[in-house]
Amino acid sequence: MNPKKVSSKLRTIIKSAIVAAILPFIFIYIIVAKPDYRVMNDAAHVLLPVVNAVGDLVTWPLRAGGNVIKRLHDIYNLEQENEELRARLDMALADKNKCDIALLENQKLEQELDTVRNSPYASVVADVIFDNSAINHGTFMINRGLRDGIKPGMVVTSFDNTLAGIIIDAGAHFARVRSLIDSNTNIAVRVAGSEVYGFLHGNGSDTPTIGFFSDQKFQPSPGVKLITSGISGVLPSDIFVGQMKDDTDVDVLSPRRLSRVMVLKFNDTDKYK
């Protein structure tokens, strides 16, 4: 910037300030010494714009500072409102998640209730509370027992009608179930849609083995579905057991995959209704 121009502008500002400082005294002198209203009016037309300009110049920092403070206050208020809105949004999302979970649980319970109602057997719904998949064994506990009408020998299934095991003993409020993977499991099964029969043997793993006896020429293959045969009279027929993985191993329902089950109840003659 040219120093001469700066000094010229500075001299102009100083002169204007001096004139603005002197004019009020001149105006007061005229009012007191020579109260000529015409002169006063003419002087006012000259003085007031100068005073306003000087006042604006002097008060500009205060007004600018006031605007900055007001804007900072507005920003602070907006931040506070944003924090409050975020908190409300988080609460609303949490409530929505709770509602979604409750809705899903309600739908699940309705489906389970429909399954129980449509079952051809009287049944009791139970929660799996403990499983014991030790070497060569596979049992689990449920939270229903003698007081719920549970007896040893009753069949336990999942809600999609898959065989899960058989009750082997019961207390007042609990029962122990032998799963299909237990080494003591030996149940009669049938190939779905045929008259080919065999026995499923548990071996402690997730894939029990099967031996067919009714048709020696039958060639098992992966995907073949097995159901209870009913020929022993111990288990009701046509309950899904599992499907073949190869020519000997069967993929069945492991206790680790269970959370809720159905217990199919006997009637008074210890037969399935």
[X] side-chain N/O to [Y] backbone N/O, donor-acceptor pair under 3.5 Å:
X	Y	answer
D148	I150	no
T228	I239	yes
N203	T207	yes
R190	S194	yes
T162	F240	no
T185	S179	yes

Taking all non-hydrogen atoms of both residues into account, name the closest pair between M262 and S123 and its distance.
SD-OG, 4.1 Å

Side-chain contact, heavy-atom cut-off 4.5 Å: V250 with T209?
no

Would a hydrophobic clustering, with Ile, Leu, Val, Met, Phe, Trp and Tyr connected at side-chain separations under 4.5 Å, put [X] with [Y]?
X	Y	answer
V155	I168	no
F130	V128	no
L253	M141	no
L200	F218	yes

With respect to I142, which candidate in D127, I129, V263, V124 satisfies the side chain to side chain contact (heavy atoms under 4.5 Å, CB included) definition?
V263

